[in-house]
Amino acid sequence: MPELPEVETVRRTLYDKVVGRTVAWVEIITPRQIWYPDADTFRAEVEGARFTEIDRRGKYLLFRLGPLTLVGHLRMSGHLFVCDPERPRDKHTHVIYHLDNGTELRYEDQRKFGGFHLLGPQGEGMPPGLAGLGPEPLSDDFTPEVLSRGLQGRRAPVKALLLNQAIVAGLGNIYVDEALFCAGVHPARLGESLTPAEVETLHGCIRTVLARAVEKRGTTFSLYFDGEGQEGDMYDELQVFDRSGQPCPRCGTPIVKLAVAQRGTHVCPTCQTAPEGAVLATRRARPGRRGDSVTVAAEPAKPYNPRGKRKTKGD
DNA sequence: CGTATGCCCTGCGCGC
DNA sequence: TGCGCGCAGGGCATAC
């Protein structure tokens, strides 16, 4: 799952291979991955344009094409990389930007969740998530005060708030769990319940965790690789994510997997104190499945609703 | 407005 | 061995 560190690594690894190149032609294999405008207009506008810069905001890649901006989002399983045309095409190849030096900028995506927007000079066509994106966590804009304002008075679990890209940009499931562990804050705590000291610590942890992950070129968990096809090295440094049943690196207590905000969530039950009176119900120990013991966590005032899946409800 | 839920999609593990 | 099911998850639309 590409989050800020993975997307930043993709940006860096694509940079020299793409910037300065002109798009000879665009091959759209799966039109539904073109989100804006329609595929024909998109192709017509991009063909002949030259990549002048690659920026990143949160998990969005911003390819500057002179006055236009090609926005890419990898979502869960997207890959963007440059390769030679001889490379066999994966069956999940959806878009190919054929470059003027004969190489190809390919977009592959198993789940077809990701896609592209082409923004006009004034930003027309911008997805709402990009327009409403919160501060870059590694920039000076992101201060403890800014984080505090994002959590202030909010009755959602702090994990849900950190996943909210309007509060802070770029965090996903992996680094939220890591940052909350680093800060010793339980993910089910409500945003409004954090003390100023906890917010300050959490702010520092978000930055430390993300900066380290960028250094390590991201986490390869399931299928991530960067713009050169290389995997990230951060997985081995993860403290809690995907480590359920393994000893906490700080105190040795086995890491537990919970559901918070409908998301798989990893905590050390000793280092991250559950909120006072929290309902901690073991949903089900799924035998054999990576040894997960899945537990549901919620504040007492708002009992957890197991996934709200009312498909074949008892009838 | 803030919060919660369903949807998109497909590979995989699991249970039979 | 093979099939069908449930799960995973980022962002957006929609419902309260």
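Each chain gets a letter, A, B and so on, in the order the sequences are listed, and its residues count up from 1.
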Please give, in whole Å, the distance from dT5(B) P to Leu163(A) CG? 15 Å

Nearest to the side chain of Arg75(A), heavy atoms from C-beta on, is which of dC12(C), dT3(B), dT5(B)? dC12(C)

Intermediate values then yes/no, side chain to side chain contact (heavy atoms under 4.5 Å, CB included), Leu130(A) and Leu62(A): CA-CA 10 Å; Leu130(A) 178 56; Leu62(A) 308 176; 4.0 Å; yes

Kindly indicate, with the supporting measurements, whether the criterion side-chain hydrogen bond (donor to acceptor under 3.5 Å, both in side chains) is fulfilled by Tyr60(A) and Asp55(A). CA-CA 9 Å; Tyr60(A) 293 88; Asp55(A) 295 317; over 6 Å; no

Looking only at dA8(C), dA4(B), dG2(B), the nucleotide nearest the Ala156(A) side chain is dA4(B)

Using whole Å, report how far NZ of Lys112(A) lies from P of dG9(C). 21 Å

Can Leu118(A) and Tyr36(A) be said to form a side chain to side chain contact (heavy atoms under 4.5 Å, CB included), step by step? CA-CA 6 Å; Leu118(A) 184 66; Tyr36(A) 182 91; 5.5 Å; no

Tell me: OH of Tyr36(A) to P of dC12(C), nearest whole Å? 15 Å

Atom NZ of Lys159(A) and atom P of dA4(B) are separated, to the nearest Å, by 14 Å

Which of dT3(B), dG11(C), dC12(C) is nearest the side chain of Pro128(A)? It is dC12(C)

N or O in side chain of Arg154(A) less than 4.0 angstrom from dT3(B) OP1/OP2: yes

Side chain of Pro157(A): nearest nucleotide among dT3(B), dT10(B), dA4(B)? dA4(B)

Stem finding on DNA chain C, please: runs of three or more consecutive Watson-Crick or G-U wobble pairs, both distances under 3.5 Å, sorted by first number. B:2-16 with C:2-16

May I have the distance from Asp90(A) (atom CG) to dT10(B) (atom P), rounded to whole angstrom? 13 Å

Nearest to the side chain of Tyr60(A), heavy atoms from C-beta on, is which of dG9(C), dG11(B), dG11(C)? dG11(C)

Look at the side chain of Gln110(A) and decide which nucleotide, out of dT5(B), dG11(C), dG11(B), has an atom nearest to it. dG11(B)

With Cys182(A), which residues qualify under disulfide (SG to SG under 2.5 Å), at least two apart? Cys205(A)

Quick one: closest heavy-atom pair of Lys17(A) and Leu99(A), and the distance? O-CD1, 3.9 Å

Evaluate the ring planes of Tyr107(A) and His94(A), with Trp represented by its six-membered ring, and classify them as parallel (under 30°), tilted (30 to 60°) or perpendicular (over 60°). tilted

To the nearest angstrom, the CG-P distance between Asp109(A) and dA8(C) comes to 19 Å

Out of dG11(C), dG9(C), dT5(B), which has the shortest distance to the side chain of Gln262(A)? dT5(B)

Checking dG11(C), dT10(B), dG9(C) against the side chain of Phe113(A) (C-beta onward), the nearest is dG9(C)

Over how many whole Å does the gap from Lys59(A) atom NZ to dC12(C) atom C1' extend? 13 Å

I'd like to know if Glu198(A) pairs up with Arg189(A) as an ion pair, taking the criterion as any Lys NZ or Arg NE/NH1/NH2 lying under 4.0 Å from an Asp or Glu carboxylate oxygen. yes

Is Gly114(A) touching bases, backbone alone, or none of the nucleic acid, heavy atoms closer than 4.0 Å? nothing

Any donor-acceptor pair under 3.5 Å linking the side-chain atoms of Thr69(A) with those of Arg64(A)? yes

Nearest-Å distance, CD1 (Ile167(A)) to P (dC1(B))? 15 Å

So if I take every side-chain heavy atom of His92(A) and compare against dT10(B), dA4(B), dG2(B), which nucleotide ends up nearest? dT10(B)

From the list dG9(C), dA13(C), dT3(B), which nucleotide is the closest neighbour of the side chain of Met76(A)? dG9(C)

